Participant: 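Have a look at this one before I ask anything.
The first residue of the sequence shown is numbered 1, and numbering continues consecutively from there. Ligands are counted one by one from 1 in listed order, and the atoms in each one are counted from 1 as well. Because only heavy atoms are used, hydrogens play no part in the values below, and waters and symmetry mates are left out as well, while side chains stay in. Values in this document were obtained by computation on a predicted structure and should not be read as measured data.
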Amino acid sequence: MQISNQYLADLYEDVCRKNPNEPEFLQAVGEVFESLVPVADRRPDLIDAGVFDRIVEPERTIIFRVSWVDDSGKVRVNRGFRVQFNSAIGPYKGGLRLHPSVNLSVIKFLGFEQIFKNSLTSLPMGGGKGGSDFDPKGKSDGEIMRFCQSFMTELAKHIGADTDVPAGDIGVGAREIGFMFGQYKRLRNEFTGVLTGKGLSYGGSLIRPEATGYGLCYFTKEMLEHNNSSFKDKIVVISGSGNVAIYAAQKAAQLGAKVVAMSDSNGFVYDKDGIDLAVVKQIKEVERGRIYEYAKRVPSAVYTEGRGIWNIKCDIALPCATQNELHLEDAQALVANGVIAVAEGANMPSTPDAVAYLQSHGVLFGPAKAANAGGVATSGLEMSQNSIRLSWTSEEVDERLHGIMVNIYRNAAKAAEEYGMKGNLVAGANIAGFLKVAEAMKAQGIAY
Ligand code: NDP
Ligand code: 2IT
């Protein structure tokens with residue numbers, strides 16, 4: 001970790017000491033602190049106001065038991081989390097993840113990243129994240145419903161439309177949000193916009209399901225255009241085959257690219273003719289099946305078990321599965337194969353050494369908190385629609401989403417330049433996202 005400001009370096013050591021079992025959280029803080037060195041150098045007032053020290057400590061962390069009964073009548077127990085990280089610029093906002101790998105470190109890294117991402121959207125949303133180590137794979141609809149109801153029975157005490165507004169993330173889509181919304185309404189006897197990503201018939205926003213993937217492509221398009229390139233006729237590889245990956249693939253194809261590979265946690269498919277997204281949607285959104293099914297149904301496709309998707313030759317790589325999925329050797333393979341741009345749909349999918357390698361080899365790099373902010377931005381638009389009790393058309397939401405992503409690119413690029421790191425969007429996104437929250441924290445005093 002290269003943190004050349006003494007104050008930040010000492011503080012980072014302190015954060016490491018206090019959170020020894022949280023590698024993902026420390027990775028996220030380390031990357032942000034590296035970027036903030038020129039800010040700490042220029043802004044002693046923010047050091048005096050304790051902003052750096054305060055921003056790495058969640059305002060509140062809630063950990064709770066989630067017990068539920070499976071289809072065989074057996075009692076199951078999972079651990080639930082909600083980290084309410086920062087409310088300086090708005091109610092806590094961020095997704096819920098259901099995956100066996102969920103622990104405090106993962107939720108804290110996601111919540112920390114969310115502070116800066118939400119700030120970049122320019123909408124009034126603080127940072128939070130939650131979830132559980134519950135594994136939705138192989139569970140019946142009834143089991144999913146009972147888990148979601150039990151999870152919400154505790155979570156409901158801590159959230160609210162003006163307090164904390166959760167949404168989806170890995171393992172949480174419209175089905176889970178529906179069950180949780182129903183339980184919240186029942187407990188509170190209140191119909192409010194307490195969750196986003198809701199179904200259209202009960203307050204959801206058009207384009208929210210597509211928003212993260214579409215936004216990722218709008219951001220990438222802007223980044224390419226500023227470097228005299230575009231999606232047109234480019235070969236694209238996308239990891240994952242969930243919500244973000246599917247709608248990134250859809251928009252990339254609409255913008256003239258050919259998506260040739262997608263994956264899940266078992267392996268990846270390569271289709272030289274271009275991925276047929278209708279088949280992927282049928283397997284993943286309807287059947288909740290595995291990506292190898294694709295190769296059984298599409299003759300031009302080949303399935304490979306395990307890692308290795310980044311060895312496929314491409315112009316644009318969009319990691320859209322999970323954290324730390326793109327390693328140094330993957331970055332080396334991408335560069336050797338002539339990649340021109342990598343933009344992160346997932347949160348923190350590239351390891352720090354992979355990011356450094358890509359940037360030092362002239363690859364355009366769009367960091368997660370800027371590139372995937374379209375999902376939460378559209379959640380912010382869902383909150384606005386709920387507040388005014390109106391629904392906007394898909395054209396209207398899509399246009400706003402596009403405007404927000406263009407703005408994020410420009411603000412990140414501008415901040416990087418102003419702080420002496422022209423072209424470094426990692427630094428620019430961290431600085432631009434941080435400054436707005438820091439000013440608000442300073443203005444609001446030091447009571448918490
Ligand atoms: P989904 O649950 O819809 O899809 C997740 C995809 O990633 C699946 O293909 C899954 O494969 C794969 N995946 C998950 N965990 C792992 C793992 N440990 N190893 C390998 N593959 C894995 O989630 P989303 O598409 O919503 O989320 C994907 C990423 O995007 C996450 O990092 C999330 O935080 C981020 N994100 C999501 C937003 C949203 O609005 N949904 C907004 C911004 C970021 P499998 O089915 O085999 O598990
Ligand atoms: O990581 C993210 O930004 C999300 N999972 C979306 C959060 C949201 O509140 O829409």
Side-chain angles (χ1 to χ4, degrees), residues 24 90-102 106-107 109-118 120-121 123 125-131 135-138 159 164-177 193-198 204-205 207-216 219 238-249 262-269 280-281 283-285 288-292 306-307 309 318-326 344-350 368-383 401:
E24 292 88 359
Y92 310 106
K93 180 85 195 85
L96 297 170
R97 176 177 293 191
L98 298 183
H99 193 273
S101 63
V102 163
V106 168
I107 298 299
F109 114 67
L110 290 163
F112 184 71
E113 292 281 285
Q114 201 82 41
I115 304 170
F116 309 101
K117 183 196 302 193
N118 293 2
L120 284 168
T121 66
L123 302 175
M125 301 182 288
K129 200 84 187 190
D135 186 358
K137 280 201 192 85
I159 63 175
D164 183 355
V165 183
D169 193 80
I170 290 176
V172 177
R175 175 180 61 169
E176 293 73 21
I177 293 292
V194 66
L195 292 160
T196 59
K198 298 184 291 297
S205 175
I207 303 294
R208 177 62 188 90
E210 295 87 351
T212 312
Y214 278 20
L216 172 66
F219 181 94
I238 300 180
S239 63
S241 48
N243 173 263
V244 178
I246 285 175
Y247 293 97
M262 294 181 79
S263 65
D264 62 21
S265 58
N266 292 111
F268 62 93
V269 285
V280 176
K281 285 186 181 181
I283 295 167
K284 289 290 174 181
E285 295 185 337
R288 298 184 187 271
R290 309 306 303 158
I291 201 69
Y292 58 70
R307 284 176 50 81
I309 191 170
L318 304 176
C320 293
T322 194
Q323 65 272 8
N324 293 327
E325 54 156 312
L326 196 160
E344 298 183 318
N347 285 307
M348 206 168 76
S350 317
K369 58 174 79 66
N372 75 28
V376 73
T378 307
S379 280
L381 301 178
E382 183 171 326
M383 290 166 73
L401 167 63

Participant: Please check this pair: side chain of S239 against backbone of C320, looking for a donor-acceptor N/O pair closer than 3.5 Å.
Facilitator: yes
Participant: Report all protein residues having a heavy-atom distance below 4.0 Å to some atom of ligand 1; order the list by chain, then number.
Facilitator: R97, H99, K117, K137, D169, I170, G171, R208, T212, G240, S241, G242, N243, V244, S263, D264, S265, R290, C320, A321, T322, G345, A346, N347, N372
Participant: Is it true that M125 lies under 4.0 Å from ligand 2, counting heavy atoms only?
Facilitator: no
Participant: Quick one: does D264's side chain have a donor or acceptor within less than 3.5 Å of a partner on I291's backbone?
Facilitator: yes
Participant: Answer yes or no: is there a donor N or O on one side and an acceptor on the other, between the side chain of E113 and the main chain of K369, under 3.5 Å?
Facilitator: no
Participant: For E325, is there any backbone N or O sitting under 3.5 Å from a side-chain donor or acceptor partner on R307?
Facilitator: yes
Participant: Could you check whether any heavy atom of G168 sits closer than 4.0 Å to an atom of ligand 2, since that is the contact criterion I want to use?
Facilitator: yes
Participant: Tell me whether K93 contacts the main-chain N or O of V165 through its side chain, where contact means a donor paired with an acceptor under 3.5 Å.
Facilitator: yes
Participant: Among all protein non-hydrogen atoms, which one is nearest to atom 9 (O) of ligand 2, and what is the separation to 0.1 Å?
Facilitator: K93 NZ, 2.6 Å
Participant: Write out the residue and atom name of the closest protein heavy atom to atom 7 (C) of ligand 2, then the distance separating them to 0.1 Å.
Facilitator: G95 N, 3.5 Å
Participant: Under a 3.5 Å distance rule, please check whether N243 uses its side chain to pair with a backbone N or O of P209 as donor and acceptor.
Facilitator: yes
Participant: Among all protein heavy atoms, pick the one closest to atom 3 (O) of ligand 2 and tell me residue, atom and distance.
Facilitator: K117 NZ, 2.8 Å
Participant: Using non-hydrogen atoms of the residue, decide whether R208 is closer than 4.0 angstrom to ligand 2.
Facilitator: yes
Participant: Report yes or no: does K284 contribute a side-chain atom to a donor-acceptor pair with the main-chain N or O of G289 at less than 3.5 Å?
Facilitator: yes
Participant: According to side chain to side chain donor-acceptor pair (under 3.5 Å), who are the partners of S350, at least two apart in sequence or on a separate chain?
Facilitator: E344
Participant: Short list, please: which atoms of ligand 2 are under 4.0 Å from a heavy atom of A167?
Facilitator: 8 (C), 9 (O), 10 (O)
Participant: Just which atoms of ligand 2 are under 4.0 Å from any heavy atom in K129?
Facilitator: 1 (O), 2 (C), 4 (C), 5 (N)
Participant: Keeping the roles fixed (side chain from N372, backbone from A346), state whether a donor-acceptor pair exists under 3.5 Å.
Facilitator: yes
Participant: Any heavy atom of Q114 closer to ligand 2 than 4.0 angstrom?
Facilitator: yes
Participant: Counting distance only, does the side-chain N/O of R208 pair as donor-acceptor with the main-chain N or O of G375 below 3.5 Å?
Facilitator: yes
Participant: Looking only at atom types and distance, does a side-chain atom of D164 sit under 3.5 Å from a main-chain N or O of G128, one as donor and one as acceptor?
Facilitator: no
Participant: Mind checking whether N347 contacts ligand 2 via backbone (N, CA, C, O), side chain (CB onward), both or neither, at a 4.0 Å heavy-atom cut-off?
Facilitator: side chain
Participant: How far is atom 10 (O) of ligand 2 from its nearest protein heavy atom, and which residue and atom is that?
Facilitator: S379 OG, 2.5 Å
